[in-house]
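Here the structure comes first, spelled out in structure tokens, and everything after it is commentary.
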2 protein chains.
Amino acid sequence: MVTIYDVAREAGVNHTTVSHAFSGKRPVAEATRERIFEAARKLGYQANAAARSLASRSTRIVGLAAPLDLPMRALAEGSFSRFIMSIGDRLNDHGYKMLCLVSPDPDTSDLVSIVRGGHVDGMLLLQVRTDDPRIAAMQTEGIPFVAIGRPREASGVVRVDADFEHAAEMAVEHLARLGHRQISLLSAFSAGQPVFGFQYHAIAGFRKAHKALGLHYNSSQILQHGDHAGLAEVLEPLLAPRPASTAIIATTDIEAATALRTLSAKGIRVPDDISLVALADTRLTDLSNPPITAMRFSPDDMSRAAVDLLVAMLAGHRPRRMEHLVPVEFIERESTKPPNTAGDQITSRISTKA
Amino acid sequence: MVTIYDVAREAGVNHTTVSHAFSGKRPVAEATRERIFEAARKLGYQANAAARSLASRSTRIVGLAAPLDLPMRALAEGSFSRFIMSIGDRLNDHGYKMLCLVSPDPDTSDLVSIVRGGHVDGMLLLQVRTDDPRIAAMQTEGIPFVAIGRPREASGVVRVDADFEHAAEMAVEHLARLGHRQISLLSAFSAGQPVFGFQYHAIAGFRKAHKALGLHYNSSQILQHGDHAGLAEVLEPLLAPRPASTAIIATTDIEAATALRTLSAKGIRVPDDISLVALADTRLTDLSNPPITAMRFSPDDMSRAAVDLLVAMLAGHRPRRMEHLVPVEFIERESTKPPNTAGDQITSRISTKA
DNA sequence: CTGAAAGCGCTTACAG
DNA sequence: CTGAAAGCGCTTACAG
């Protein structure tokens with residue numbers, strides 16, 4: 001291993017000067033600097049990370065907490081790799097490295113020990129749940145962090161999320177515009193309620209749009225399911241000759257693909273018999289048969305926002321806003337069309353806000 | 001921040017004893033140990049990672065090099081998150097943390113600087129290419145590493161891979177058994193050749209099975225494509241009323257889904273008009289319409305093997321074998337059936353090795 | 001513009 | 001079984 005002393009000797013200076021030549025925290029004569037860089041290049045010098053962070057009390061490493069327990073795997077696996085890629089990429093741009101903490105459960109002790117051990121300067125919490133113990137844990141530790149997803153108790157939490165409420169609204173509006181009156185929302189529940197913030201927001205947008213459009217809303221339109229088998233079960237009523245709903249909105253890509261699969265297996269055609277919209281856009285929705293009309297949010301944009309916020313916080317800045325919502329884009333594909341038995345049009349009453 | 005000295009003071013011992021109580025590298029009286037642990041628990045002590053690794057010259061961190069440039073994204077995104085999850089999980093079991101190095105290009109300089117900076121004890125190379133500069137770089141640095149995927153120059157390289165050759169063989173055998181005589185293999189090429197080892201192995205298995213079964217093989221059966229548009233183009237000949245091939249084997253899940261989509265868009269039915277097999281099994285193949293007959297390899301098994309090998313190497317053991325192939329499992333679904341115009345059966349000549 | 005010194009919080013021989 | 005000391009490779013006041 002080549003140390004700062006080796007470089008100093010090679011360049012004929014004190015190791016202090018080598019340190020300053022690299023950090024730029026003190027002026028170094030041009031000629032000296034060049035000799036130092038040349039020596040460093042020649043010897044293949046790279047400052048030791050441990051020594052550097054011990055002395056400077058900063059690691060230039062950000063932790064990414066990715067809880068990959070069952071609900072997560074089942075719901076949002078598709079966008080997971082996008083987030084990792086984008087976050088790692090953006091962190092790189094800022095000169096930070098990424099310590100990936102995948103835990104099979106939403107346990108908090110690993111996280112805490114990593115923070116206390118001084119492994120990271122800041123933390124990014126991926127796929128934050130409505131009730132997420134990681135939030136309180138990070139606040140207690142007093143480490144800068146940014147949440148991706150919105151917890152119920154969001155006060156004091158810098159957070160980034162996609163605008164799922166608007167996504168659900170747009171989905172309902174699109175379907176209503178096509179003439180659908182009976183729309184169902186497919187949503188995964190655990191112990192009687194949603195787990196992730198985006199599920200709550202999707203339901204809120206769904207209801208809000210119904211109200212705005214003067215459509216009848218009944219809680220039975222929320223198709224709660226617990227797992228894959230449950231999803232098929234909850235779809236049963238839609239398999240009838242004259243189903244209660246003529247359109248389904250799936251909260252995630254996986255639910256959309258699973259619904260499509262389940263319907264097809266039963267001989268129900270999409271979109272001829274029933275329309276389908278997904279509130280996420282991944283390979284699972286754009287490469288499916290038929291391609292699924294979807295709401296696209298960009299994991300890239302979300303990651304970039306989250307990383308930039310965190311890096312600014314690490315630099316001592318206070319974010320001007322606590323909540324950052326990235327917009328959602330409507331992508332019309334082939335899984336939606338007017339219902340078989342179209343009722344009267346209400347197109348005129350549909351809002352056209354972007 | 002609470003240090004080892006705080007704990008020592010609280011427990012009334014020298015900090016050396018605290019260190020040994022935790023490391024177990026020296027006997028510590030039971031009563032003393034208990035006092036130390038109690039003090040540590042009370043103060044919330046966690047040894048500082050930087051100080052520890054500076055003194056011990058080991059980080060207990062493994063780097064995961066995931067090159068996410070274009071060929072990678074386009075081909076194998078589906079299994080990517082599975083690898084990250086499984087690797088992180090298994091590393092956790094061994095008490096190691098994971099530094100994720102996602103790079104948008106297969107560049108080697110980031111990797112080298114991380115190794116030289118002493119960030120990691122060992123390295124895991126994900127999605128190794130046939131010609132992969134990372135291999136030589138790691139060998140030059142002299143850091144223990146395990147490759148996931150097989151480079152052409154594999155001498156001295158500890159590597160883990162799925163048995164893609166066998167996967168392709170089984171795919172051909174399955175199709176031949178159904179009566180197919182003209183089978184195509186969809187394979188992504190870059191600058192006239194495959195990029196990843198698994199592509200070469202798939203082609204090798206494809207040819208080997210043809211030979212073993214006495215089927216005619218012609219290089220035009222390898223449908224080379226460069227990108228998504230290219231994939232549609234290369235499928236053209238199969239859209240004819242009497243296509244040259246009655247079955248397609250796709251090397252990856254994304255290629256399979258894209259092919260299915262392209263064929264469906266042209267009104268070609270799978271499996272009625274053409275059969276389709278994928279050499280990977282992900283959400284994209286099991287949730288598609290129809291579900292795609294696939295060869296399943298387990299990212300979990302591969303990750304576990306790779307991590308266990310690396311951890312053993314870090315503990316000073318030499319692996320007894322350099323190459324570890326995980327088996328591939330045949331999953332029959334609904335995308336394959338006998339060809340429309342079945343020729344004479346050659347079932348009897350088909351080998352039945354598992 | 002540069003150097004000599006102290007210190008970051010641990011581990012690990014060295015002693016007893 | 002325990003302690004006192006040295007040292008890991010840096011950064012950063014302190015001096016000049």
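Every chain is numbered from 1 and lettered A, B, ... according to where its sequence line falls, protein lines coming before strand lines.
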Query - Salt bridge B:Asp6-B:Arg9, side-chain N to carboxylate O under 4.0 Å - result: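 A salt bridge links B:Asp6 with B:Arg9.
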
Requested in this report: In plain terms, say whether A:Arg134 and A:Asp132 are close enough for a salt bridge, that is, a side-chain N and a carboxylate O under 4.0 Å apart.
Outcome: yes

Query - Base-pairing mate for D:dA13 - Watson-Crick or G-U, with both contacts under 3.5 Å - result: none

Report task. Mind running side-chain hydrogen bond (donor to acceptor under 3.5 Å, both in side chains) on A:Asp308 and A:His94 for me, showing each step along the way? Result -> CA-CA 8 Å; A:Asp308 290 355; A:His94 289 291; 2.8 Å; yes

Report summary line: Walking DNA chain D from its 5' end, the first of B:Ala55 and B:Glu30 to be reached, judged by nearest nucleotide, is B:Glu30

Requested in this report: Would you state whether a donor and an acceptor, one from the side chain of B:His15 and one from the base of D:dT2, lie under 3.5 Å apart?
Outcome: no

Query raised in the report: Do A:Arg26 side-chain and C:dT2 base share a donor-acceptor contact under 3.5 Å?
Result: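 Donor-acceptor pair under 3.5 Å: yes.
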
Report task. State whether A:Ser19 places a side-chain N or O below 4.0 Å from either non-bridging phosphate oxygen (OP1 or OP2) of D:dT11. Result ->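 Checking D:dT11 against A:Ser19, a side-chain N or O does come within under 4.0 Å of OP1 or OP2.
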
Query raised in the report: Is the shortest side-chain N/O distance from B:Lys25 to OP1 or OP2 of C:dT11 below 4.0 Å?
Result: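 For C:dT11, OP1/OP2 do not have a side-chain N/O of B:Lys25 under 4.0 Å.
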
How close or far is atom [atom2] of [N] from atom [atom1] of [X], stated in whole angstroms?
X	N	atom1	atom2	result
A:Arg52	C:dG9	CZ	P	18 Å
B:Arg9	D:dG3	CZ	P	15 Å
A:Tyr5	C:dG3	OH	C1'	12 Å
A:Ile4	C:dG3	CD1	P	12 Å
B:Asn48	D:dC10	CG	C1'	13 Å
A:Phe22	D:dG9	CZ	P	16 Å
B:Tyr45	C:dG9	OH	P	10 Å
A:Ile36	C:dC1	CD1	P	13 Å

So if I take every side-chain heavy atom of [X] and compare against [options], which nucleotide ends up nearest?
X	options	result
A:Arg57	D:dT12, C:dC1, C:dG9	C:dG9
A:Leu54	C:dC14, D:dC10, D:dG9	D:dG9
A:Val13	C:dG3, D:dG3, D:dT11	C:dG3
B:Thr16	C:dC10, C:dT12, D:dC8	C:dT12
B:Pro27	D:dC1, D:dT11, D:dC8	D:dC1
A:His20	D:dA13, D:dG9, C:dC14	D:dA13
A:Ala51	C:dC10, D:dG9, C:dT2	D:dG9
B:Asn14	C:dT2, C:dC10, D:dG3	D:dG3

Report task. For B:Thr32, answer base if it contacts any base atom (sugar-phosphate contacts may also be present), sugar-phosphate if it contacts only those atoms, and nothing otherwise; contact means non-hydrogen atoms under 4.0 Å. Result ->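 It contacts sugar-phosphate atoms only.
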
Query raised in the report: When all nucleic acid strands are considered with a 4.0 Å heavy-atom cut-off, which category describes A:Thr17: base, sugar-phosphate, or nothing?
Result: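 Since only primed, P, OP1 and OP2 atoms lie under 4.0 Å of A:Thr17, the category is sugar-phosphate.
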
Query raised in the report: When you look at B:Phe198 and B:Phe297, which way does the ring-ring contact (aromatic ring centres under 6.0 Å, His included) test go after all the steps?
Result: CA-CA 12 Å; B:Phe198 65 77; B:Phe297 57 90; 8.3 Å; no

Query raised in the report: Are a donor atom and an acceptor atom from the side chains of B:Asn14 and B:Thr16 found within less than 3.5 Å of each other?
Result: yes

Requested in this report: Answer with yes or no after comparing the ring centroid distance for A:Phe37 and A:Tyr45 against a 6.0 Å cut-off, counting only values under it.
Outcome: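 Judged by ring-centre distance (under 6.0 Å), A:Phe37 and A:Tyr45 do not meet the cut-off.
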
